[in-house]
Structure formats: C-alpha cells, structure tokens
Amino acid sequence: MASKESVTEEKGITPPRVSADHGEHWRQEEDFMTRNGLNLKSFQRRPVGASVVELDKSMKPRHLHMIAIGGSIGAGFFVGSGSALANGGPGSLLIDFLIMGVMIFNVVYALGELAVMYPISGGFYTYSTRFIDPSWGFAMGWNYVFQWAIVLPLELTVAGLTVEYWEAGVPIAVWITLFWLFIIIINAWGTLGYAEEEFWSSCLKLSATVIFMIIALVCVLGGGPDNGRYNEYWGARYWYNPGAFKNGFKGFCSVFVTAAFAFSGTELVGLAAAETKNPLKSLPGAIRQVFWRITLFYVLGLMFVGLLIDCNDTRLLGSGYIDVKASPFVLVGEYANLPGFDSFMNVVILVSVVSIGVSGVYGGSRTLTALAEQGYAPKPFTYIDRSGRPLFSVVAILLMGALAYMNLAADGELVFGWLLQLSGMAALFTWGSICLAHIRFRKAWVYHGHTIDEIPFKAIGGVYGSWLGLTLIFIVLIAQFYTAVSPLGLDPGKKTGTAEDFFYGYLAFFVVLCFWICGYLWKRQGWLRTAQMDVDSGRRELDWDYINKERAERASWPTWRRISSHIF
C-alpha cells in the first residue's frame, strides 16, 4: 500500500514525525531513585533538545486499560446519581446516562483515532488548535485546566465527608489535609505513581460495582435478608409507583449535567496515551474497554439503583456530590439490612473520590504544560524534571486543593456550589471539541491527498459517530439552558427563575466564551480553512508492516468476530 510518506518523499518533502520511543532514552539513563522522583536530583530540569517537551513514558498497557475502564468512576457515579434519581426519577436516570454513554463512546473513539496519529501530551486541546481554531484551542485548554483545578478541591471535600459517615469525631479539615498530602505523595512519583494508583483503585471500583450488581439482582428478585426491605419479590415497583419519570420534561433535562459530571475524566485515556511507549498497540485496546464501562457499570448499575431506591426517598433530598450518606449505593445496603455492606461501599466511594483527585492533578498539569509549550501559558510551566514530571504545572494544580477549606466557611458551600456547576458543564465543551476536531481532521486528511486506509486506528462510527456525539452534546447544552432559565423547584405560577438561577446553571458557557475572546485577542487567529490545517507535522512514525499484517489477519476473521473486535 502506498502511504503518504512515500508520496511526500518523492516530492522532496520529509514531514517531521514523532518517534515511538521519543524521550524514553532519558529515563533509561537515570538511576532508579531519580526515575521515580525519590531524590532531590529528580527535581532538576531534564536536559532536552530544541524546546521539545519530553514527558515520562513509563505507563504500561495494563495501566491504560484500567484507566479506560474504571478511571473516571467517582463521586458523580456513586453519590451524584442520588441527586439525579431524586430530580428525574429512575426512567430519566437510565435514559440520560444511556444517551451520555452513546455520546462518550463516540467521543473516545474519535479521540483514540487522533491520539494514535498525533502523540501529543494535552492532546485534545492541541487538536482543537490544529484542526478548528487556535483561539478556540486556547479556550479549550484553559477550560480543561480550570475544570480539573475545581474538581481537586471538590473531591478532597467529598473524601473528608465520606470519613464522617463513621462519625469519627475528627474535624473535616484534618481529613482534607491528610487526603491532600496523599495526593501530593502520589504525584511525587510522577506518571508511574498515577498509573499504579489508577490501576489498583480501578480494580477495586470495578470489583465493588460487580459485587453491588450481583447483590442488587438478588434483592430485586426478593432474595434479601428476612429482616430487610427486599425480602420479597421487588421487581420494578418503583417504576410504577411513584413512577419512572419525576418533574416531567424539566426533571429529564436536569439529569444531564449530573451525567456529564459522572462521565468526566473518560477522555483521560487519550491524554495518558502520550506517556506510553507504544500507543499504537496499547491505545486501541484501551479505547474498546470504554464500551464495557458504559454498558456494565453506568447503565446496568444505575438501572439497579432505580429499581431499588424510591426517587421520593427523603434520604435523597440532601444528595448531590457532597452528601455521601445520600449515596443510593450505600442506601441499598442499609435498606437490605446487610451488615457492613454500607461501610464497604463507603470505602469504595472514598477510594474513588481520592482517585479522581489524583486524576485531576494529572489531567490539569499535562494540559497546562501543553498550553505553555504552545505559548498559551507562562513558559515556566514547560519545566520537565528528570523523573518526567511537569513539575511547576503539578504544583500549580495541587495548590488549588486549598480551595477545599473554603467549604468550611459560612458561605463556603454556596461558593463551592457555583464552582461545581462550572466543572460539570466544562466537560461538555471539551467533548464537543474532540468530535469537531475529528470531523475537521478527516476532511483535511482527504484534502491533502491522503486516504482513509492510511489511518491506523479508525473511530468505529467514523465522522458520522462524531456528528452524532456533537449533536447529543448540543442537545444537552440546550436542555441545560432550559433548566437554567426555568430551574426545578420554582414557586407555582412562576415560569422563569432569577438571573442568579440562570448564571448558576449556565455560567460555564460564559467562562468558555471569555477564554475564546481572550485567546483571539492574544493570538489574533480565527477559524482555520481546510487548506490551512497541517496533517503531517508531528505525525507518528508508523510500522506499516505490523499494521498491514494485523489488517490482513482481521480480514480473514468471520463477520461476527470482526464486529465484536471493534467493540470489545
């Protein structure tokens, strides 16, 4: 098969490419203590050539697979689902999460295609800059940093409140400090510290969710303890009384942002791919794991929640992302009268929220470094030390953890609520940009004389999948606009809320708009024409013998196996 490489070489053009082991030689030259950030030498600047930012590449395929399948399961899933159930009922909970699952499935596949082609840390921000609009890329980069900078103190607060479930009698500020120190220590070990923490915490989260679903199935069938609620056939009674849908169409729309927050972080698998030795081999398999997470853990898990917990349960009234006692996963154990199960799920929630805090530092710091590399952030943030850590970027995100103490003040919870709303919607703009960047990349790829066969890993839905993902995100933004204008809980006779209600629900849109305007005023660059898009610079050097051999092998498979391999 003639590739674009041979065509360009015939014309005397040799496009720059990124080697598969780029930067790995520095890690091999360092001693064990320096490689793993365990001595003072590790904090020294890594010697690199010609302004190339070389991050660590110690992440292994097993790490990437577990980040894909369980990395972003946290407070939004275990705790926030209670708020969604209380606002929209079990039907809205299931359908909204299913819709968001279809959307994120296409987003991650689009990101996988781009990440295999262009191995750049902070990838989805740079793809927006490269294929959409440099000013919009600036906005998306800072939006993503801002999103994770807010998530870190949020998760620290939830972690502190999770421990309070056992009424330890220790001030929450102490727990926040301890978990903050733990996250700092994990990040001191750099990429490998993050990867190992995510691997083991994901194993626990996935095992716990499977255990929950088995117990939930038994409870639905009436196999619960005799002294508990589910000691008779339970079935879908809550879908009939009080009903599958609560608060009508408005309740249905209100669940979307909760679902968006629950899926936040799914895109980290594309970010982490830049820190593996061979993303071409490890990333496609990891991307396919997302199907299992969406189907088994989000959709199936929340279906059981809707079957076993009444959406009018007063315990859900305080639910959200903060009140761990209102987690439906904990309530099932209490109502079934399973001794210790509620505490077990609480431990899982604790591990989950701390894990997301670690992910927040990882995602925010890598994106901040990419921004600095492109000249969109102060140059000191390009500092990479000898263990492969973007040191100043990591420190900057870690310092944002101090905002967790704000929740202890009298008005802190109100301010924290505003920050929380920002983080929930911020992810939608990131995902929409990934889909649009993929659509425009495909158009520019063909325009510059390439064929689709030259793309080593293709999104399962192609550009149609990205258009579907983009359309669903647009619908969610409209739904959120509707609930911002007319929020739940309005007094009878009132059709619209206050200006404060509107900005509380839709402030993220104006933050992104502000970033976009600032990016344009700074760079004076707007929407890119197809001819302006560069599809060759920084492209991965591909092993076409390996790719063609793998394609030939897949072509010999029966149809059912080819279809299943695309999904699983």
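Counting begins at 1 with the first residue of the sequence.
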Chemist: Is the ring pair Tyr230/Trp234 parallel, tilted or perpendicular, if the boundaries are 30 and 60 degrees?
Modeler: perpendicular

Chemist: Using a 3.5 Å distance criterion without hydrogens, assess whether the side chain of Asn337 forms a donor-acceptor pair with backbone atoms of Gly228.
Modeler: no

Chemist: Using modelled atom types only, decide if a donor and an acceptor are shared between the side chain of Lys246 and the backbone of Leu85 within a distance under 3.5 Å.
Modeler: no

Chemist: Hey, would you say the Phe252 and Phe256 ring centroids sit under 6.0 Å apart?
Modeler: yes

Chemist: Nearest 0.5 Å please: distance from the OG atom of Ser92 over to the NZ atom of Lys250.
Modeler: 13.5 Å

Chemist: Roughly how far, to the nearest 0.5 Å, is OG1 of Thr157 from CD1 of Ile176?
Modeler: 4.5 Å

Chemist: Please check if atom CZ in Phe249 has more than 12 non-hydrogen atoms from other residues, nucleotides or ligands closer than 6.0 Å.
Modeler: no

Chemist: Would you say the side chain of Tyr127 lies within less than 4.5 Å of the side chain of Ile434, judging by non-hydrogen atoms?
Modeler: no

Chemist: Tell me whether the count of non-hydrogen atoms from other residues, nucleotides or ligands lying under 6.0 Å of CZ in Phe341 goes above 12.
Modeler: yes

Chemist: Give a yes or no on this: more than 12 heavy atoms of other residues, nucleotides or ligands lie within 6.0 Å of atom CZ of Phe509.
Modeler: no

Chemist: With a 6.0 Å cut-off (strictly less than), is the heavy-atom count around CH2 of Trp180, excluding the residue itself, greater than 12?
Modeler: yes

Chemist: Is the closest side-chain heavy-atom distance between Met140 and Val512 below 4.5 Å?
Modeler: yes

Chemist: Are Tyr482 and Ile478 packed together at the side-chain level, in the sense that at least one heavy-atom pair is separated by less than 4.5 angstrom?
Modeler: no

Chemist: May I ask you to check whether over 12 heavy atoms, not counting those of Trp467, lie within 6.0 Å of atom CH2?
Modeler: no

Chemist: Nearest 0.5 angstrom please: Glu164 CD to Ile172 CD1, how far?
Modeler: 6.0 Å

Chemist: Just wondering, are more than 12 heavy atoms of other shown residues or ligands nearer than 6.0 Å to CG in Asp226?
Modeler: no

Chemist: Do Val163 and Phe179 come close enough that some side-chain heavy atom pair is under 4.5 Å?
Modeler: yes

Chemist: Relative to each other, are the rings of Phe329 and Phe78 parallel, tilted or perpendicular (30° and 60° limits)?
Modeler: perpendicular

Chemist: Please step through side-chain contact (heavy atoms from CB on, under 4.5 Å) for the pair Ile356 and Trp148, ending with a clear verdict.
Modeler: CA-CA 9 Å; Ile356 295 297; Trp148 284 119; 4.1 Å; yes

Chemist: Would you compute the distance between atom OG of Ser264 and atom CG of Leu428 and round it to the nearest 0.5 angstrom?
Modeler: 7.5 Å

Chemist: Relative to the ring of Tyr298, is the ring of Phe263 parallel (under 30°), tilted (30 to 60°) or perpendicular (over 60°)?
Modeler: parallel

Chemist: Any donor-acceptor pair under 3.5 Å linking the side chain of Ser343 with the backbone of Gly340?
Modeler: no

Chemist: For the residue pair Tyr405 and Thr177, confirm or rule out a side-chain donor-acceptor distance under 3.5 Å.
Modeler: yes

Chemist: How many angstroms lie between CD1 in Ile183 and CD in Glu155, if you round to the nearest 0.5 Å?
Modeler: 8.5 Å

Chemist: Hey, does the side chain of Ser81 reach the backbone of Phe77 with a donor-acceptor pair shorter than 3.5 angstrom?
Modeler: yes

Chemist: Spell out, as yes or no, whether a donor-acceptor pair under 3.5 Å connects the side chain of Ser355 to the backbone of Val351.
Modeler: no

Chemist: Assess the residue pair Ile473 and Met100 against the criterion (side-chain contact (heavy atoms from CB on, under 4.5 Å)); give the C-alpha distance rounded to whole Å, side-chain angles, the decisive distance to 0.1 Å, and a yes or no.
Modeler: CA-CA 8 Å; Ile473 290 167; Met100 294 299 287; over 6 Å; no

Chemist: Can you tell me if Asp313 and Tyr335 form a side-chain donor-acceptor pair at under 3.5 Å?
Modeler: yes

Chemist: Can you classify the ring geometry of Tyr362 versus Tyr194 as parallel (below 30°), tilted (30 to 60°) or perpendicular (above 60°)?
Modeler: parallel

Chemist: Rounded at 0.5 Å granularity, tell me how far CG in Asp342 sits from CG in Asn346.
Modeler: 7.5 Å

Chemist: Compute the ring centroids of Tyr125 and Tyr144, then answer whether they are less than 6.0 Å apart.
Modeler: no

Chemist: Checking Asn143 side chain against Ala426 main chain: does a donor-acceptor pair fall under 3.5 Å?
Modeler: yes

